[in-house]
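Working notes, structure below.
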Amino acid sequence: MSSAFDNLFDLVIRNVRLEEDGALVDIAVRDGLIAAIAPRLRCDTVTNFDGKESFAFTGFVDTHVHLDKACILDRCSICEGTLAEAVRETARAKSGFTEDDVYERAARVVEKAISHGTVRMRTFVEIDPRAGLRSFEAIKRIKADYAFATDIEICAFAQDGLTNEPETFDMLDAALADGADLIGGCPYTDPAPEAHIASIFELAVKHGVAVDFHLDFSLDPDKTDLPAVIEATKHHGWQGRVSIGHVTNLSALPEASVIEIAKNLADAGIALTVLPATDLFLNGRTHDRLVPRGVASAHVLAAHGVVTSVATNNVLNPFTPYGDASLIRMANLYANVAQLSRDADIVAVFDMVGSSAARQLGVPHGITVGKKATIILVEAAGPKAAVREIGRIVAGWKSGRQSFHNGEPRLNKPHRQCEDPNQAITCVTELGDPV
Ligand SMILES: [Zn+2]
C-alpha cells in the first residue's frame, strides 16, 4: 500500500537507459538513496534532470593512479623513455616535492577525473626518505576536500625498494597508523624482491589492510616475482585482498601459458590491473621497429576468472608523458591495443573500468533501489557504445548530490544567405535546419 510520501523525491533523473539500447526510465532519489526506478515517474519533486536518453551507471573506478607524482614533466627530462629512467628521474624530482606542490598537482588530476565520471580512485603515495610524509599529508587533504565527488583510498607505497632503505618500513608503518588505507610494494626495484614481498605482507597483516604490488614490469617471462606473491597471499590467507599491476611479461607468453597463470591468480584471489598508457610508453625501447606492446591480455585473464581492471597509472610524468585521467578513454585505448571487436569483449572492457574495478576494491557497484544514489550519465546507448565512441560524460551525482555538470555541447552552424530579406525569420542553416 502506498503512502502520501511515496512520491516525494529530492531529485528525479529522467529519460536514461540502464542497459545497452534499453527502455528509458526515470531514477528517483530521496535522502541520498535511489528511491525508485520506473518509466515516466509521476511525482512531486524538487529537482528534475533530463538525461536525454544517456546511459546511467554507478561511475568509473580507477584502481591504480599516482596523484603524488602527476604533472611533473616541467622538472624531469626524458631521453631514453625507459622504466629505469622514469624511476630515476621521478626519485630525483620528489626530493623537491612540498606538501602544497603535491596538493596542487593532485587536485588538477582529481578535478579532471571527476569531470570524466570517476567516483572512486586508489592512489599510490610514495613514502620513503626522499618524499618523507609530505606527499602523504597532501593526499590526505585531497581525499577530504574532494570527498563530495569521489572516494579516494590511499595506498602507502614503497616505490624505490625496502630492504635497501630499511627506514622506509617504519615510515610506511606510521602512515598505516595515520590514515593510509592499504600498503603497496614494488619488488622489481628492490635488490631482494622476496624479502620485499615478505615485509609488505608483514605490514598488511599488522594493520589488517589490502596489498597492491607493482609487478613484473618487463618483457621477460622468466623474470617474475608472481610465484612469490601467490605463495605469500595463500600463506597469509589474504585471498581477495591482493592486487598486482602491470605484469607486462604476460604479453610475452603464448595464450595457453597466460590461461595457466590466470587459473593460479583466480585460485589465489589475486586481482590484476593493466595500465595501457604506461605499458605502451615504457616497453620495447630496444626495438626500432615492430615494437612489442607490452600490455597484458586483461580480457583473457577476465575470461578465466581473474578480477581485472584497466586504470590510469601516471599522468604527465616520465612514466607516462600523457594523460587526462579519463577511464573511458583508457578503456577505448585498451580495446584498441588488444584488437578487440566482439561486443562481449567490449562490454567486458567497460566493466574493467566499472563493476569489475569496483569488485577489485571491494566496493558495491550498480544502480539499485535502496542503494546510494551515485550516478554518472554518459552520452551513449550503453557500455558498448561508450567504449567504442569514447562516450562524452554528461553529469554526475554522489549520494544524491550533483557533483559536476560538463555543460551542453553546441554547434554554432553558419546561416545560409536569405534570398528574400523580408523572409529573414524563415532562414535555415546551410545544413537545412531552421534557425
Ligand atoms: Zn603504478
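Every number for a ligand or one of its atoms is a count from 1 in the order of the listing. Keep in mind it's a predicted model, so treat the numbers as computed, not measured.
- In this structure, H64 has its ring center under 6.0 Å from that of F124.
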Test salt bridge (charged side-chain N to carboxylate O under 4.0 Å, His left out) on E99 and R134 and set out the steps.
CA-CA 5 Å; E99 190 178 319; R134 302 187 302 281; over 6 Å; no

Would you please test D62 and R120 for salt bridge (charged side-chain N to carboxylate O under 4.0 Å, His left out) and show each step?
CA-CA 6 Å; D62 205 333; R120 189 174 192 92; over 6 Å; no

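- Protein N/O/S atoms found under 2.8 Å from the Zn ion (ligand 1): H64 NE2, H66 NE2, H214 NE2, N313 OD1.
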Check against side chain to side chain donor-acceptor pair (under 3.5 Å), T189 and Q159:
CA-CA 7 Å; T189 58; Q159 165 76 76; 4.8 Å; no

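- Using cut-offs of 30° and 60° for the angle between ring planes, the F201 and F213 rings count as tilted.
- F55 does not carry R17 over the face of its six-membered ring by the limits of under 6.0 Å from the centre and within 45° of the normal.
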